[in-house]
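Data first, discussion second: the structure below is written as structure tokens.
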Amino acid sequence: MFERMPAIYYYVPPCPVCGSRKTGRYVRQPLTTGDMLYVERESLRNGELVRFAVHIPEKNAYCDDCGHEWECRIRARLMPREKIMEEQTARDSAARYAACLDKSPGKKSLFRRIKGILS
């Protein structure tokens, strides 16, 4: 039931230079390292790529492949989970999310325990 419910997603369009879908947005840097890890982890879990900045620059979107940065109006959208899963695949955020979980200290989540058993 919950899988069919739409979720909030910050959609960044493909890169205008190279056409890659591995694009992300700048977000304001949290005050603490713990908050930064949390924001990074939750963004990746939701299929979004983010970089932190003290002040969000005018060129607020970036391409992870070619490094191009551009100004873009990024708004939150309600998207179906299936579409978000497509965005996760296109941005390769699932692999980054797993790497983020591996480097974060603390209790192992169910995802990390299953991944450890399967490895």
- Message: How long is the straight-line distance from CZ of Phe52 back to CE of Met36, given to the nearest 0.5 Å?
- Response: 6.0 Å
- Message: Any heavy-atom pair between the side chains of Tyr10 and Val27 that's under 4.5 Å?
- Response: no
- Message: Please find the pair of heavy atoms, one from Val12 and one from Gly24, that lie closest to each other, and give the distance.
- Response: CG1-O, 3.7 Å
- Task: Give, for atom CZ of Arg91 and atom NZ of Lys22, the distance between the pair rounded to the nearest 0.5 Å.
- Result: 11.0 Å
- Would you check if Thr23 and Trp70 make a side-chain contact, meaning some heavy-atom pair closer than 4.5 Å? yes
- Task: Begin with the C-alpha distance, continue with both residues' side-chain angles, and end with the deciding distance and a verdict on side chain to side chain contact (heavy atoms under 4.5 Å, CB included) for Ile84 and Arg77.
- Result: CA-CA 11 Å; Ile84 291 175; Arg77 297 180 179 179; over 6 Å; no
- Task: May I ask you to decide whether Arg21 forms a salt bridge with Glu87, counting only side-chain N to carboxylate O separations under 4.0 Å?
- Result: yes
- Query: Do Glu69 and Tyr26 have a side chain donor and acceptor closer than 3.5 Å?
  - Reply: yes
- Item | Shortest non-hydrogen contact between Arg45 and Tyr97, atoms and distance | CD-OH, 3.3 Å
- Are Arg25 and Asn60 side-chain neighbours, meaning at least one heavy-atom pair lies under 4.5 Å? no
- Task: Report the C-alpha distance between Arg96 and Asp64 in whole Å, list the side-chain angles of each, state the deciding distance to 0.1 Å, and finish with yes or no for side chain to side chain contact (heavy atoms under 4.5 Å, CB included).
- Result: CA-CA 12 Å; Arg96 293 175 191 217; Asp64 213 33; 2.2 Å; yes
- Task: To the nearest 0.5 Å, tell me how far Leu78 CG sits from Lys83 NZ.
- Result: 14.5 Å
- Heavy-atom pair with the smallest gap, counting every atom of Gly47 and Tyr9: O-OH, 3.1 Å
- How close do Asn46 and Gln88 get, heavy atom to heavy atom, and via which atoms? C-NE2, 3.9 Å
- Item | Heavy-atom pair with the smallest gap, counting every atom of Val54 and Gln29 | CG2-OE1, 4.1 Å
- Does the side chain of Pro16 come within less than 4.5 Å of His68's, by heavy atoms? yes
